[in-house]
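What follows is one structure encoded as C-alpha cells, with my remarks underneath.
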Amino acid sequence: MMKVGFAEVDIAPPLGIEMSGHWNVRVSKGVRDPLFAHAMVIDDDRAPICLITCDVLSLRRSTVLAAREAISEATGIAPNRIGISATHTHYGPMTAQLWTRDQQPDADYLADMLAGIIAAGISAFEARRPAQIGIGWTFEGKLSFNRRFMMRDGNVLMHPPVGSSDILYAEGPTDPEVGIIAARDADGNPLGYWVNFACHATVAGTADEFSADYPGALAAEIKRRRGDEVVTLFGNGCCGNLCQIDVFDPDRPRSGDELLRIMGEGLADSVERGEAEMDFADDLALDVRSAEIAIPLRRIPDEMVAEAERVLANASPDPDAEEHRDIKYAEMWLELTERKRTEPMILGQVQVFRIGEVAVVLLPGEVFVEYGLEIKLKSPAQRTFVVELANSIMGYVPTRRAFEGGGYEQKTGSNSKLSPLAGEFLVETALALLDSMFG
C-alpha cells in the first residue's frame, strides 16, 4: 500500500511589512485569515513525490531551489521530484520584486518563509501513513470568468464596468474544471486533498490585512466538513486572464467576505461531488519529468525608451495616481532595457508529475487560460491538471491574440516582459514531457 503524508505550516509574516498584488504600496496592519505552506508527499516505496502550495503571490526561483535541496537532504526525495507553487493570493507579503527595483521583499521574511516551506515538506514526509488515493474532476462554471473584454471602441479592457453596454464580448474562454486528488487512510478516513481550479485570488478585497483569499476559504471549509486535521493544497490553474468578477451580473459581489464564502463553499461542494465518484487505489504509478527552459526577454523598441525618458523628464514632483503609474512603467522600461543587455533570457522549469493515469503539469509564470486548455486538450494522459506560478515567477504569459488586442496583462513591465512566443514554448515543452511519460 502507498503511503501519503500531509502538513501545513504557518508562513504569515509579522505585521508592518509590505504586501503584494496591487499598484499602491500597502503595509500590513492585520490578519483576516492565516497564510500556510501546505505539503503532500506520496510514497510508493520506490521514489516518492512531493507537492507544496504556498499562500503567497509568487515564489522566486532561488527560494524554490533552496527549499528543494533542504527537503531532499532531510527526506531523500530527489529535488526534481518536488514541485512548489504559489496560490497567487493578492493579500500576502511581498515575495519578489514589485514593479521597480526599489520595491524588494523583506529579506528576513524570505528566510522565514523558506524555513516554513522546508518544514512543511519534511513534516509531510514524516507524516506518511498507509493510504489510498482517488483522483477525480468536476465542472464548476459559475465561479471564474474571463476578465478581458473587447469594447465597442475596438480596445480590449481588463475589468470593464459591470453591466456596461460598451462590452462586445469576452476575449477568451474560462476553464471550469476542478481537479481533485484525495487521500484516505486504511480505515477510509480523509487525510487531505490537492485541488486545482483556475481563477485569480483577488476575492478578499482587504486593504491592509493578510488573507489566503479563496484558496484559504476552501481549505477552511474542507476542515469544517472533514475535520481539523485534514489539509487542502490548492494549485491555481492558468488564470492570467481569469477572475471572480461576472460583469454581466451587477447583483453579484465583486469581492469581500460573502464572495469568499460563495467560492469556498462552491469549490468544497465540487470536491465532495468529485470524491463521491472516485475509485480509490493503493498502488499508482508515479513519475516526474521536467525541463529547464530559457525564454527571451521582450525587445524594448527605441521609441519606447525615448517615451520613458520623456515621461521621467517631465514628471511632476507630486504625481496623481495616473501619472504615478506612467512613471512606474517608464522606470520599468528603462530597467528592462538595461537588464536585457546582460540577462537576455529568463530561466524557468516545466515539470510534469504522473499519478496513475493522471498528469499534473507545473508551469512558471502567470499563464493565460488558453495555454492551459491547449495542454489539457492535447495531453495523452487520461486527465491533465495544469498549475501556474510554479517553481518560479516569470511574469504574465499572454496569448498572441492578447498582444494584438491590448490591455493590461501584455503591457511591457516587470510583470510582463517575456517574448510573445513564451506561451507556445511552454505548451510544446509540456506536451513533449507528457508524450514521453504516457507514450
Side-chain angles (χ1 to χ4, degrees), residues 2 40 42 44 46-52 61 64 68 77-85 133-137 172-173 175-181 194-198 235-240 279 281 283-296 345-392 394 397-401 418-439:
M2 305 181 79
M40 174 179 70
I42 304 175
D44 61 357
R46 294 181 292 273
I49 64 172
C50 176
L51 290 171
I52 301 174
R61 177 177 164 86
V64 170
R68 283 176 170 171
I77 303 174
N80 69 334
R81 298 177 75 85
I82 301 170
I84 307 175
S85 62
I133 293 177
I135 305 177
W137 42 86
D175 183 354
E177 184 174 58
V178 181
I180 310 135
I181 301 172
W194 180 93
V195 180
N196 176 224
F197 182 67
N236 209 333
C238 293
C239 66
D279 293 321
D283 186 20
L284 294 171
L286 299 181
D287 194 5
V288 181
R289 308 278 173 94
S290 63
E292 295 290 320
I293 58 172
I295 297 178
M345 312 289 282
I346 296 181
L347 290 178
Q349 183 185 56
V350 176
Q351 193 177 27
V352 177
F353 289 76
R354 177 174 183 166
I355 306 173
E357 297 306 311
V358 169
V360 175
V361 175
L362 302 187
L363 302 176
E366 203 165 342
V367 184
F368 269 37
V369 66
E370 288 90 339
Y371 292 128
L373 293 172
E374 184 176 356
I375 291 171
K376 291 184 176 190
L377 184 64
K378 296 179 179 178
S379 171
Q382 179 189 25
R383 212 76 171 194
T384 301
F385 307 138
V386 186
V387 178
E388 69 166 22
L389 288 167
N391 299 321
S392 67
M394 304 179 81
V397 185
T399 61
R400 288 205 203 190
R401 179 181 182 183
L418 301 178
S419 161
L421 301 177
E424 294 164 39
F425 191 14
L426 292 179
V427 169
E428 289 303 313
T429 304
L431 291 174
L433 294 171
L434 286 162
D435 287 341
S436 73
M437 181 178 285
F438 288 90

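Source: prediction; values computed, not measured. Heads up: numbering here begins at 1 and tracks the sequence. Any value given below was found using the heavy atoms of this structure, including those in side chains, with hydrogens, waters and symmetry copies removed.
- For the pair Lys376 and Asp175, the tightest heavy-atom approach, listed with the atom from each and the gap, is NZ-OD2, 2.7 Å.
- Residue Met2 holds its CE atom at 5.0 Å from CG of Asp44, rounded to the nearest 0.5 Å.
- The two residues Pro420 and Tyr371 have their closest heavy-atom pair at O-OH, 4.5 Å.
- Expressed to the nearest 0.5 Å, how far CD of Glu428 lies from CD1 of Ile375 amounts to 9.5 Å.
- Panel note: side chain Gln351, backbone Leu362; no donor-acceptor pair is recorded below 3.5 Å.
- The closest donor-acceptor contact from the side chain of Glu388 to the backbone of Cys239 lies under 3.5 Å.
- At least one side-chain heavy atom of Val369 sits under 4.5 Å from a side-chain heavy atom of Pro173.
- The closest side-chain heavy-atom distance from Leu421 to Arg400 is below 4.5 Å.
- Here the rule is side-chain contact (heavy atoms from CB on, under 4.5 Å) with Pro364, and of Asn391, Leu389, Leu426 only Leu426 fits it.
- Proximity of a side-chain donor or acceptor of Arg68 to a complementary backbone N or O of Ile82 within less than 3.5 Å is detected.
- In summary, Arg401 and Glu370 do not engage in a salt bridge, as defined by a charged side-chain N under 4.0 Å from a carboxylate O.
- Rounding to the nearest 0.5 Å gives a distance of 11.0 Å between OG of Ser436 and CG of Leu431.
- Annotation for Arg81 and Phe353: closest pair O-CE2, 3.5 Å, computed over non-hydrogen atoms.
- Between Ala422 and Val397, the closest heavy-atom pair is C-CG1, 4.0 Å.
- Listed here is the closest heavy atom pair of Ala291 and Leu433: N-CD1, 4.0 Å.
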Item checked: Criterion side chain to side chain contact (heavy atoms under 4.5 Å, CB included) on Leu418 and Phe425, from CA distance to verdict -> CA-CA 11 Å; Leu418 301 178; Phe425 191 14; over 6 Å; no

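- By the 4.5 Å heavy-atom criterion applied to side chains, Asn236 and Ser85 are not counted as neighbours.
- Expressed to the nearest 0.5 Å, how far CD1 of Ile49 lies from CG of Leu286 amounts to 5.0 Å.
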Next item on the list: Start with the C-alpha gap between Val427 and Lys378, add the side-chain angles, then the distance that decides, and say whether side chain to side chain contact (heavy atoms under 4.5 Å, CB included) holds.
Entry: CA-CA 10 Å; Val427 169; Lys378 296 179 179 178; 5.7 Å; no

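- Taking OG1 of Thr399 as the reference point, atom CD of Glu374 lies at 11.0 Å (rounded to 0.5 Å).
- Partner of Val360 under the side-chain contact (heavy atoms from CB on, under 4.5 Å) criterion, chosen from Asn196, Ile181, Val386, Val352: Ile181.
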Next item on the list: Report the C-alpha separation of Leu347 and Arg61 in whole Å, then their side-chain angles, then the decisive distance to 0.1 Å, and conclude whether the side chain to side chain contact (heavy atoms under 4.5 Å, CB included) test is met.
Entry: CA-CA 9 Å; Leu347 290 178; Arg61 177 177 164 86; 4.1 Å; yes

Next item on the list: Test Phe385 against Glu177 for side chain to side chain contact (heavy atoms under 4.5 Å, CB included), laying out the working first.
Entry: CA-CA 9 Å; Phe385 307 138; Glu177 184 174 58; 4.0 Å; yes

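- In this structure, Ala430 and Val361 approach most closely via the heavy-atom pair CB-CG1, 4.0 Å.
- Of the possible polar contacts, one joining the Arg354 side chain to the Gly356 backbone as a donor-acceptor pair under 3.5 Å is found.
- Once rounded to the nearest 0.5 Å, the distance linking OG1 of Thr429 with CD of Glu424 reads 11.5 Å.
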